[in-house]
Amino acid sequence: MDNKPEGYYYVPQPIRNDGAGGVDKGPRDIMRDLENPDMLVPPITDAGLLPNLKFSFSDTHMTLNNGGWSREITVRDLPIATTLAGVNMSLTPGGVRELHWHQQAEWSYMLLGHARITAVDQNGHNFIADVGPGDLWYFPPGIPHSIQGLEDGCEFLLVFDDGHFSDLNTLSISDWFAHTPKDVLSSNFGVPMSAFNHIPKEQVYIYQDKVPGPIETQQVQSPYGKVPLSFKHRLLAQTPIKTSGGSVRIVDSTNFPISKAIAAALVEIEPGAMRELHWHPNNDEWQYYLQGTGRMTVFAGNGTARTFDYRAGDVGYVPFANGHYIENTGTETLWFLEIFKSDRFQDVSLNQWMALTPSELVKSNLQVGPELLNALRKEKWPVVKYPGFSYYPR
């Protein structure tokens, strides 16, 4: 029976089980400390200095427009994240992210709702498609495109292959028109200058429009045909790699050929399971947490390791080749995306490496015996769960 008085809540203190630390009686954000227990009381194995590897979209500036909103995480917010930047955007039913293009590649994961995307490539091939939850799109650098919310509106994550990217500094059709003399527009399109009397005076970015009709009524036939490689991929429809503690869906240029600059994995970790000890040999890792709670420890070598706690809406980051793992610390399934500035997804499993190395060498290096050596796996299991050996919240 719970005898705690009404309104009671636990006040965490920076005291570890070994007695290290002490009571914090000063000004503090207790709710923040409750969200970050492994930063308030780091595991005894944490040591040395690592830069911040976490930032939440909840701590970012919101850009509000008639038609939707957006917020972004770039190197301004998370300085270590130089390879990739992220934008969280929502569009109302009929809301439009205007016709625009970027100097960077754009990779997107649909979080909820439905949208219509359009694009035209450098050879005049066009692309018009509807996307829903779990779908991806990818637009190479310089390819003009648009996004519009359908009947139920939409929310999505955008990832760009440059940590300095800002979605407010893209190249937009309205912005270009606003900064081009009307006589030049007249000459370019062969129509009177009066045709441009009502063009926007500045970048529109996001605006409200009516919900478009069924996609078959919106198709535009190009004399050059459709794009040779689809800009859309149905990630949730992809058969996952199932393991003892969850699943992984990997998407890169091998199964989404147009995605030549960004690779990703959608990871599911069940309660009591963990993303195994591993590292990535090709680039930094940018993470987006979709559901649940977890903690990650990153090992940087030379006795340096640091632990962070994550929840839905957080972005995590792992520098190139740093060892790490992610545990599910909650009672619901943890879902997150691992994203890389690369054409291929690559990881190295600590377990598999040890299993494929002569056992005598592993034994002498780590001073371990057959209890561990006989349990090593030659096959890679990205997510693991061992009854009796797994973490569960108290």
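Numbering of residues begins at 1 and proceeds along the displayed sequence. Not measured: the values here are computed from a predicted model.
Around the CG atom of Leu361, the shell of radius 6.0 Å holds more than 12 heavy atoms that belong to other residues, nucleotides or ligands. The number of heavy atoms from other shown groups lying within 6.0 Å of CZ (Arg377) is above 12. Other residues, nucleotides and ligands contribute over 12 non-hydrogen atoms within 6.0 Å of the CG atom of Asn197. The environment of Trp69 atom CH2 is dense: over 12 non-hydrogen atoms of other residues, nucleotides or ligands sit within 6.0 angstrom.
Between Trp137 and the options Phe256, Phe156, Trp107, a ring pair (Phe, Tyr, Trp, His ring centres under 6.0 Å) holds for only Phe156.
A 4.5 Å side-chain heavy-atom check between Glu35 and Arg311 finds at least one atom pair inside the cut-off. Counting heavy atoms from C-beta on, the side chains of Phe389 and Val384 never come closer than 4.5 Å. No side-chain heavy atom of Asn66 sits under 4.5 Å from any side-chain heavy atom of Ile206. Two residues are said to be in side-chain contact when any heavy atoms from C-beta on lie closer than 4.5 Å; Ile30 and Pro12 meet this criterion. With a 4.5 Å cut-off on side-chain heavy atoms, Gln103 and Pro141 do not count as touching. With a 4.5 Å cut-off on side-chain heavy atoms, Ile262 and Lys341 do not count as touching. Under the 4.5 Å side-chain criterion, counting only non-hydrogen atoms from C-beta, Leu334 is in contact with Tyr289.
With sequence neighbours excluded, the residues that form a ring pair (Phe, Tyr, Trp, His ring centres under 6.0 Å) with Phe231 are Phe127, Phe139.
Side chain of Asn351 to backbone of Ala355: no donor-acceptor contact under 3.5 angstrom is found. Using a distance-only test at 3.5 Å, with no hydrogens or angles considered, a donor-acceptor pair links the side chain of His179 to the main chain of Asp175.
Here Lys260 does not pair with Asp252 in a salt bridge; the nearest charged N to carboxylate O distance is not below 4.0 Å. For the pair Arg306 and Asp46, the salt-bridge criterion is not met [side-chain N within less than 4.0 Å of a carboxylate O].
Between the side chains of Asp284 and Tyr317, at least one donor-acceptor pair of N or O atoms lies under 3.5 Å. Side-chain contact of Thr74 with Arg76: a donor-acceptor pair under 3.5 Å is present, judged by distance alone. With hydrogens and angles left out, the side-chain atoms of Ser146 and Glu98 include no donor and acceptor closer than 3.5 Å.
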Assess the residue pair His280 and Phe340 against the criterion (ring pair (Phe, Tyr, Trp, His ring centres under 6.0 Å)); give the C-alpha distance rounded to whole Å, side-chain angles, the decisive distance to 0.1 Å, and a yes or no. CA-CA 9 Å; His280 302 279; Phe340 307 86; 4.5 Å; yes

His102 vs Phe160, ring pair (Phe, Tyr, Trp, His ring centres under 6.0 Å): CA-CA, chis, key distance, verdict: CA-CA 9 Å; His102 314 283; Phe160 300 88; 4.9 Å; yes

Arg275 and Asp347: salt bridge (charged side-chain N to carboxylate O under 4.0 Å, His left out), yes or no, with the steps? CA-CA 12 Å; Arg275 176 74 168 93; Asp347 70 346; 3.0 Å; yes

Could you walk me through whether Leu91 and Val96 satisfy the side-chain contact (heavy atoms from CB on, under 4.5 Å) test, starting with their C-alpha distance in whole Å, then the side-chain angles of each, then the deciding distance to 0.1 Å, before giving a yes or no? CA-CA 7 Å; Leu91 298 173; Val96 178; over 6 Å; no

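In the hydrophobic clustering of this structure, Leu34 does not group with Met39; members are Ile, Leu, Val, Met, Phe, Trp, Tyr whose side-chain heavy atoms approach within less than 4.5 Å, directly or through other members. Hydrophobic clustering (side-chain heavy atoms under 4.5 Å, transitive across Ile, Leu, Val, Met, Phe, Trp, Tyr) groups Val251 together with Leu290. Grouping the Ile, Leu, Val, Met, Phe, Trp and Tyr side chains by contacts below 4.5 angstrom, directly or via other members, places Tyr138 with Leu236.
Nearest heavy-atom pair, Glu106 versus Ile147, reported as atom, atom and distance to 0.1 Å: OE2-CD1, 4.2 Å. The minimum heavy-atom distance linking Lys182 with Met193 is given by the pair O-CG, 3.6 Å. Contact detail for Val211 and Pro93: the closest heavy-atom pair is CG2-C, 3.7 Å. Nearest heavy-atom pair across Asn322 and Trp279 is O-CB, 3.5 Å. Across all non-hydrogen atoms, the minimal contact from Asp135 to Lys232 is OD2-CE, 3.8 Å. The shortest heavy-atom contact between Ser349 and Lys380 is CB-CG, 3.9 Å.
The aromatic rings of Phe196 and Phe189 lie tilted to each other, with the angle between the two planes from 30° to 60°.
Atom CG in Asp130 sits 9.5 Å away from atom CD in Gln218 (nearest 0.5 Å).
Geometrically, Arg295 engages Tyr391 in a cation-pi contact, judged by NZ or CZ lying under 6.0 Å from the ring centre and within 45° of the ring axis.
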